[in-house]
Amino acid sequence: MANAAESMVEVLRAGGVRRAYTVPGESFLGLLDGIEQCDDIQLISTRHESGASFMGEADAKMTGVPAVVMATRGVGASNLAIGVHAAKQDSTPMVVILGQVESDYLGREGFQEVDLTAFYSPITKLAETAGRGDRLPELVANALRVARSGRPGPVMIAVPADLFEHEVDETATKNAQKAARLSIAPPSITSDAAAHIAVRLAGASRPVVIEGGGARGAREELIALSEKFNLGVYASFRRQDGFPNDHPHFLGHLGLGIPEPCLTALRDADLVLVLGARLSEVTTQSYTLPLPSAEIIQIDIDAASIGGVVPTDIGVVSDSALAVREILKHAPKEPSSRTWSEANAIYRDWNAVKPSILGESEGIDPAQVIGEMSRVLPADTVMANDSGNFSAFLHRHWMYRAAKSQLGPTSGSMGYAVPAAIGGALADPSRTMVAVAGDGGFLMSGQEIETAVRYGVSMTVVVFSNGLYGTIAMHQAGFKQRLAGVDIGRVDLAGYARSLGAQAVRVEALGDFADALTTAIGRDGVNMIEVRSEPDLISPSRRLSGMLE
Ligand SMILES: Cc1ncc(C[n+]2csc(CCOP(=O)(O)OP(=O)(O)O)c2C)c(N)n1
C-alpha cells in the first residue's frame, strides 16, 4: 500500500514527467515529499508561482511532455494562473495540481479557500476537484491523457489536503501507470483528402501556408511541401520557428505591427493552407486575413479549431506531419514556375537592420542590438521573449533559423522571458538560451534568476531598459496624446541581477554590447546584460515625442 501522494508521483513518472515546478505550500506536503524522494522527477522550487507556471510551460514546449506545476489553495493558484493561461493559449500540455483545504472544511470559505474548479475552468481544458484519495492516481493519469490529446493544453486537479494521505492499493497505481503511458495514435488525413488537397495546391496560382504551433512537429515536412508545391509560407504569431526564416519561400511573421507590404502576398493568395494554426486575433491581423475570397484549407489536430474564425472550404482533422507527408505523395513532378522572390524580398527588407535614426546623444536603438545579437549568437539559439515593444524589434530583426528556437507566449504576458528561459534550459541544457525582456517585464519575474542560479542553469538575459511601460505609452500617445502610469523608476537592474547571483553588466553604448554578449554566452551560470535603450524610440518606426505632439 502506498499513500495517494506517492502513487500520484509514480503515475507522473510513468507519464514521462521529469520536472515539477512549484512554490511549496502546506496543503500538498505529501506530494512535495513524494516528488523530492523520487529520483526521476526533479522538484524545482521557484520564487513566485508565476515563475513556476512559465517555467513549466516553456519546458513542455521544448519537450512535448506535459509540465507539472503545483501551488497552494487560492493564494498560490492566483499567482500560478498567468502561466496556465499562457499554456491554454499556446496549446501547451500541462498538469496543474493545486492543494485545497481539507475535505471537512470545503465550501465554508476555509483558510485561503476559493472554488478552484470554477476559478480554473476557463483557463484549462479540464478542471476538477478530487473527491476521493484512492482515485487520485486515476485522476492524474486522466489529466496527462487530456493534456496531451487533441489540441494540447492545461488540466487542473484540486486536491483537498487530507486526500494525499489516503491509502491506494497497488492495482490502482499500476492501472493508472499503464494509463499514463498510453500513447494515442494521432488522427491522420485520408489518402483521398490528401490527393484532393494536392490537386488544389498544384492548381492554385498564388498559394500560401500559415503555419502555427500545431505544425511544430512538421517542420521538415513543411519545408518539403513548400518546395515541391512551390508555396509561400507565413508564420503565425510567435511561431516564427516553424519554418526557416532564411528560406526563399518565407514571407514573414503575422505578428503585431506588421506593415501592409508584408501582408500583400497573403492578400493576393488565391489559396491559403492553414497548418496547425488557430488563427488568433493577432495572426489574422484583427480577424481581417486570410480573405474569405481565397480558398481556405485548414488542417488541424482539433476539429473545434477548424473553420471557427475564417470560412473554410476544406477542413481536415489530422496531425500536421502525417497530413503533409500524405499530401507530398501526390506532389507534382515539377514545381510550378511561380516565384516568391518579390514577396520574400519585402520580408527581407523589413527584417534587415538599417542604420539607426537616433542621434549620437540618444540612447541605444534596440534594432542595432538585435543586429549585434545576430552576429554573435549561434543560429540555433533559443530566444525566450517577454511582452512589450522591445519584442517588436526582436520579432522583426532576429531570424529564427532552427527548430524549437522561439519561446514566446501568444498570451502576450509580461514576466514570461526569464522563467521561460529557465524552463527551456532545464529541458535542453545543450542549447544557447537567451531571455529578452523590457525593464517592466523583467521587474515582474527577474527574481527567478535566483532559481536559475540555485539549479545551476546557464543562460543569458538581455533587458532593454527604457524606464517606461513603452507599449502602453505608445498606445496612450496614439489615444489621447498624453501618458498615464507608464513610468518605471531608474533601477540598477544589473545590480539587482548580481544580488540574485548573476554576472551582470550595464551597456550604455552600442559598441560595448557585442563584447558583453560574447562574454555572457561563453560563461556558465546566469549572465545578464542591462541595455539602456532610448525611450523615445517607442517602436521600430516611431518616436514617442512625435506621437505626443
Ligand atoms: C502581465 C501583463 N500585464 C500587463 C500587460 C500590458 N502590457 C503590455 S506591454 C506592457 C509594457 C511593457 O513594458 P516593458 O517590459 O518595459 O517593455 P517596453 O514596452 O517598454 O519595451 C504592458 C504593461 C501585459 N501584457 N502583461
Side-chain angles (χ1 to χ4, degrees), residues 48-55 57 78-90 123 237-238 255-257 280-282 358 362-370 373 383-398 408-421 435-448 461-479 483-494 496-497 506 528-545 547-548:
H48 191 280
E49 287 87 352
S50 64
S53 53
F54 284 144
M55 285 178 211
E57 197 277 338
S78 305
N79 277 350
L80 191 80
I82 190 169
V84 180
H85 175 245
K88 177 84 173 6
Q89 295 229 300
D90 277 33
I123 55 167
F237 180 44
R238 292 188 168 162
L256 293 160
S280 66
E281 175 189 338
V282 180
L358 293 179
E362 295 186 282
I364 297 174
D365 177 346
Q368 307 294 321
V369 175
I370 308 297
M373 289 168 100
M383 289 286 183
N385 68 265
D386 229 85
S387 292
N389 265 20
F390 73 87
S391 71
F393 297 87
L394 177 69
H395 294 326
R396 174 167 172 175
H397 296 300
W398 177 261
T410 61
S411 64
S413 48
M414 292 166 71
Y416 180 81
V418 170
V436 186
D439 43 356
F442 179 71
L443 285 168
M444 286 188 179
S445 63
Q447 76 275 12
E448 299 300 349
V461 182
V462 176
V463 180
F464 289 99
S465 177
N466 61 359
L468 274 181
Y469 280 144
T471 314
I472 309 306
M474 179 187 75
H475 286 300
Q476 290 174 345
F479 179 55
L483 305 179
V486 292
D487 285 339
I488 301 174
R490 267 299 175 207
V491 179
D492 175 8
L493 296 176
Y496 174 55
R506 180 183 308 143
M528 186 271 195
I529 306 173
E530 175 187 357
V531 178
R532 285 284 164 108
S533 53
E534 173 54 49
D536 198 42
L537 192 64
I538 205 68
S539 81
S541 56
R542 280 195 277 190
R543 279 185 181 268
L544 185 60
S545 52
M547 295 181 73
L548 287 170

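Here, residue 1 is the first one in the sequence, and each next residue gets the next number. For ligands, and for the atoms within them, numbers begin at 1 and follow the listed sequence.
Between R238 and D90 there is no salt bridge, since none of the side-chain N atoms of the basic residue sits less than 4.0 Å from a carboxylate O of the acidic one.
With ligand atoms numbered from 1 in the order given, ligand 1 contributes 1 (C) to contacts under 4.0 Å with heavy atoms of I82. Within ligand 1, counting atoms from 1 as listed, the ones closer than 4.0 Å to a heavy atom of G412 are 24 (C), 25 (N), 26 (N). Atoms of ligand 1 found under 4.0 Å from any heavy atom of N389, numbered from 1 in the order shown, are 18 (P), 19 (O), 21 (O). Under a 4.0 Å criterion applied to the non-hydrogen atoms of N466, ligand 1 contributes the atoms 20 (O). Residue-ligand proximity, F390 to ligand 1, at heavy-atom distances under 4.0 Å covers atoms 17 (O), 21 (O). Using a 4.0 Å cut-off to heavy atoms of G470, the atoms of ligand 1 that qualify are 13 (O), 18 (P), 19 (O), 20 (O). Of all atoms in ligand 1, listed by their number and element, those nearer than 4.0 Å to a heavy atom of G441 are 15 (O).
At the top of the distance list for atom 3 (N) of ligand 1, counting protein heavy atoms only, stands M414 SD, 3.8 Å. Closest to atom 14 (P) of ligand 1, if we only count protein heavy atoms, is G440 N, 3.6 Å.
Here's the thing with I488: none of its N/O atoms is less than 3.5 angstrom from an N/O atom of ligand 1. Every N/O-N/O distance between S413 and ligand 1 stays at or above 3.5 Å. For M444, no nitrogen or oxygen atom sits less than 3.5 Å from a nitrogen or oxygen atom of ligand 1, counting backbone and side chain alike.
With a heavy-atom cut-off of 4.0 Å, D386 does not touch ligand 1 at all. Only the side chain of I472 comes within 4.0 Å of ligand 1, judged by heavy-atom distances.
For the side chain to side chain contact (heavy atoms under 4.5 Å, CB included) criterion with L468, the lone passing option out of I488, I538, D439 is I538. Remark: of the listed residues I529, D386, V369, I364, V369 is the sole one forming a side chain to side chain contact (heavy atoms under 4.5 Å, CB included) with F464.
Heavy atoms only, all atoms of each residue included: D536 and S545 are closest at OD1-N, 2.7 Å. Between G440 and M414 the shortest heavy-atom distance is C-CE, 3.6 Å. The shortest non-hydrogen separation linking F390 to V436 is CE1-O, 3.4 Å.
The CZ atom of R506 lies 7.5 Å from the CG atom of L493; values are rounded to the nearest 0.5 Å. Interatomic distance, CD of E49 versus CD1 of I82, reported as 12.5 Å (0.5 Å rounding).
Looking only at atom types and distance, the side chain of N389 has a donor-acceptor partner in the side chain of T471 under 3.5 Å away.
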